[in-house]
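Only one structure is covered here, and it is reproduced in the block below.
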Amino acid sequence: MTVYSGPVFEMAANQFTVIANHLEIPMDERARLLMPKRSVTVSCPIHRDDGTVAVFEGYRVQHHLTMGPTKGGTRFAPSVDIGEVAALAIWMSWKCALVGLPYGGAKGGVNVDVTQISKRELESLSRRYMQEMIPFVGPHTDVMAPDMGTNEQVMAWFMDTYSMYQGQTVTEIVTGKPVSSGGTLGRREATGRGVAYLARRVLKELAINPSGATAVVQGFGNVGSYAALELHHYGLKITAVSDHTGALYDEKGLDIPALMHHAQLHGSIAGFSNELHFDPAEVLTLPCDVLVPAAMERVIDARVAGKLRCRVLAEGANGPTTPEADLVLDKRNEIFLIPDILCNSGGVVVSYFEWVQDLQQLFWEEEEVMRREYQILDRAFETMLKRAKADNISHRTAAMAIGVEKVRAAKNTRGLFP
Ligand code: NAD
């Protein structure tokens with residue numbers, strides 16, 4: 001038992017054990033690699049609109065500081081607990097190492113249902129959370145970014161709050177900010193675009209023409225909506241989409257630009273169409289060429305994995321597939337898995353570009369951002385594939401093994417202080 005114990009942390013720990021066994025990492029090195037360096041729990045009191053005071057619990061977990069500052073999103077969701085945040089921080093570490101960024105993983109979160117608070121309350125909570133975190137974060141210590149339930153506006157409030165305390169503007173304290181406040185072009189779209197880019201690359205490897213191929217997307221927030229839009233631009237038909245309010249299905253292909261416009265205006269896909277309603281529980285198992293889970297973790301368990309009818313599983317969300325489901329997928333060679341730490345890494349890659357641009361105060365064109373993002377994704381994809389083939393292991397094991405190996409090498413070279 002640790003403070004992190006819970007289903008999501010157990011999942012990250014189990015995945016790590018598989019990798020550690022594969023890499024034959026000695027037992028006495030494992031805890032140092034797996035367990036987070038530091039975790040902080042804070043109480044965030046705010047004034048509610050009705051004059052009462054409410055207190056929300058917030059967390060930040062920094063997994064390791066071996067390769068540079070830690071980096072990771074901040075999640076505002078009712079499911080958030082310290083174990084979930086720790087698991088997400090660990091996955092960030094393997095992800096950053098896999099794609100070659102000079103970061104350790106971190107993650108933060110507040111246990112709150114953002115649909116139940118007003119915009120003013122959200123601003124108060126965001127600012128209070130950042131204010132509580134000031135002693136523990138910094139542009140060279142820990143850099144935050146958006147995740148489920150947070151967005152560019154929340155990042156702007158984080159940056160403003162930190163800057164007010166420093167007495168100067170410190171844009172490089174968070175990434176995923178609006179372009180007007182030191183953000184980079186292409187960050188908003190980066191994660192979804194990366195998911196779609198890799199999915200198209202795999203379709204080509206499988207000799208499936210993207211034009212006319214089909215895709216299904218679970219989650220229509222930042223990652224899901226931009227993944228769907230980019231796949232739509234590549235010529236795929238998006239036959240189904242779901243979010244927390246329900247699902248839509250159209251075998252002819254949904255009008256994704258119109259659906260995005262609707263979701264941006266109304267905050268969800270609800271109300272877009274009365275005729276296209278579909279059972280959200282059936283979305284993941286619809287027949288399609290590309291399936292993109294882009295909502296939350298642990299949605300594909302062993303039962304769902306046995307029923308999947310996709311050719312490419314492009315994991316936009318973090319941890320959407322359980323280790324039990326992985327065992328099923330290992331036997332289903334007809335499904336090409338693009339594991340989360342590679343598939344959704346476009347987000348942290350472009351966050352890294354944003355941090356670099358903020359530090360240098362030199363900003364790039366969007367084409368430059370995209371070119372460099374795709375270059376990094378291509379390199380990581382090829383490395384993963386080569387490793388999977390060489391060691392005869394799954395894509396997930398290969399991707400994670402590369403990440404774990406790099407962190408281990410850095411730790412061993414630096415040694416153990418004191
Ligand atoms: P978001 O808050 O913008 O969107 C989340 C979406 O999931 C919303 O459309 C919501 O309605 C939907 N959703 C919630 N519960 C659902 C359910 N039960 N069924 C179907 N849909 C549901 O969040 P996001 O930033 O798009 O993040 C989504 C996932 O991608 C998370 O796992 C996150 O950790 C991961 N991720 C995000 C980024 C990023 O840059 N934002 C980067 C890497 C990974």
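Each ligand, and each atom within it, is numbered from 1 in the order the structure gives. Just so it is clear, the values below take in all heavy atoms, side chains as well, and ignore hydrogens, waters and symmetry mates.
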Of all protein heavy atoms, the one nearest atom 33 (C) of ligand 1 is Asp147 OD1, 3.2 Å

Is ligand 1 less than 4.0 angstrom away from at least one heavy atom of Glu297?
no

Please report whether the ring centroid of His395 lies less than 6.0 Å from that of Phe336.
yes

With no hydrogens and no angle check, just 3.5 Å: does a side-chain donor-acceptor pair link Asn344 and Asn318?
yes

For residues Thr383 and Arg387, is any side-chain donor paired with an opposing acceptor at under 3.5 Å?
no

Which ligand 1 atoms does Met296 reach within 4.0 Å, using its non-hydrogen atoms?
15 (N), 16 (C), 17 (C), 18 (N)

Any atom of ligand 1 sitting under 4.0 Å from a heavy atom of Gly149?
yes

Any side-chain donor-acceptor pair under 3.5 Å between Lys71 and Thr175?
yes

To which protein heavy atom is atom 5 (C) of ligand 1 closest, and what is the distance rounded to 0.1 Å?
Met148 CG, 4.0 Å

We want to know whether Tyr4 and Ser39 form a side-chain donor-acceptor pair, criterion being a heavy-atom distance below 3.5 angstrom.
yes

If you count the atoms of ligand 1 from 1 in the order shown, which ones are under 4.0 Å from a heavy atom of Arg187?
40 (O)

Do Tyr197 and Asp378 pair up side chain to side chain, a donor and an acceptor below 3.5 Å, judged on atom types alone?
yes

Please write down residue, atom name and distance for the protein heavy atom closest to atom 11 (O) of ligand 1.
His244 ND1, 2.5 Å

So which heavy atom in the protein is nearest atom 3 (O) of ligand 1, and how far is it from that ligand atom?
Asn222 N, 2.9 Å

Quick one: nearest non-hydrogen protein atom to atom 37 (C) of ligand 1, plus distance?
Val223 CG2, 3.3 Å

Looking at atom 39 (C) of ligand 1, what's its closest protein heavy atom, distance included?
Thr191 OG1, 3.5 Å

the protein heavy atom lying closest to atom 8 (C) of ligand 1 turns out to be Gly221 N, 3.8 Å

Indicate, as side chain, backbone, both or neither, the part of Asn318 found under 4.0 angstrom from ligand 1 when only non-hydrogen atoms are considered.
both

Which atoms of ligand 1 sit under 4.0 Å from any heavy atom of Ser242?
20 (C)

Answer with yes or no whether the side chains of Arg75 and Thr150 bring together a donor and an acceptor at under 3.5 Å.
no

Ser79 and Glu84 side chains, donor-acceptor separation under 3.5 Å:
yes

Residue, atom name and distance, where the atom is the protein heavy atom closest to atom 19 (N) of ligand 1:
Asp243 O, 4.0 Å

Using distance alone, decide if ligand 1 has a nitrogen or oxygen within less than 3.5 Å of any nitrogen or oxygen in Leu88.
no

Polar contact flag, side-chain donor to acceptor under 3.5 angstrom, Thr239-Glu251
no

Considering both backbone and side-chain atoms of Gly347, is one of its nitrogen or oxygen atoms within less than 3.5 Å of a nitrogen or oxygen in ligand 1?
no

Enumerated ligand 1 atoms positioned under 4.0 Å from heavy atoms of Arg75:
31 (C), 32 (O), 33 (C), 34 (O)

Please identify which atoms of ligand 1 are closer than 4.0 Å to at least one heavy atom of Ala295.
7 (O), 13 (N), 21 (N), 22 (C), 28 (C), 29 (C), 31 (C), 32 (O)

Does Ala263 approach ligand 1 within less than 4.0 angstrom via side chain, backbone, both or neither, non-hydrogen atoms only?
neither

Identify whether NZ of Lys or CZ of Arg in Arg372 sits under 6.0 Å from the centre of the six-membered ring of Trp364 and within 45° of that ring's axis.
yes

Examine Phe76 together with Phe56 and report whether their ring centres are nearer than 6.0 Å.
no

Does any donor atom in the side chain of Asp142 or Gln62 lie under 3.5 Å from an acceptor atom in the other side chain?
yes

I'd like to know if Pro280 contacts ligand 1, where contact means a heavy-atom distance under 4.0 Å to any ligand atom.
no

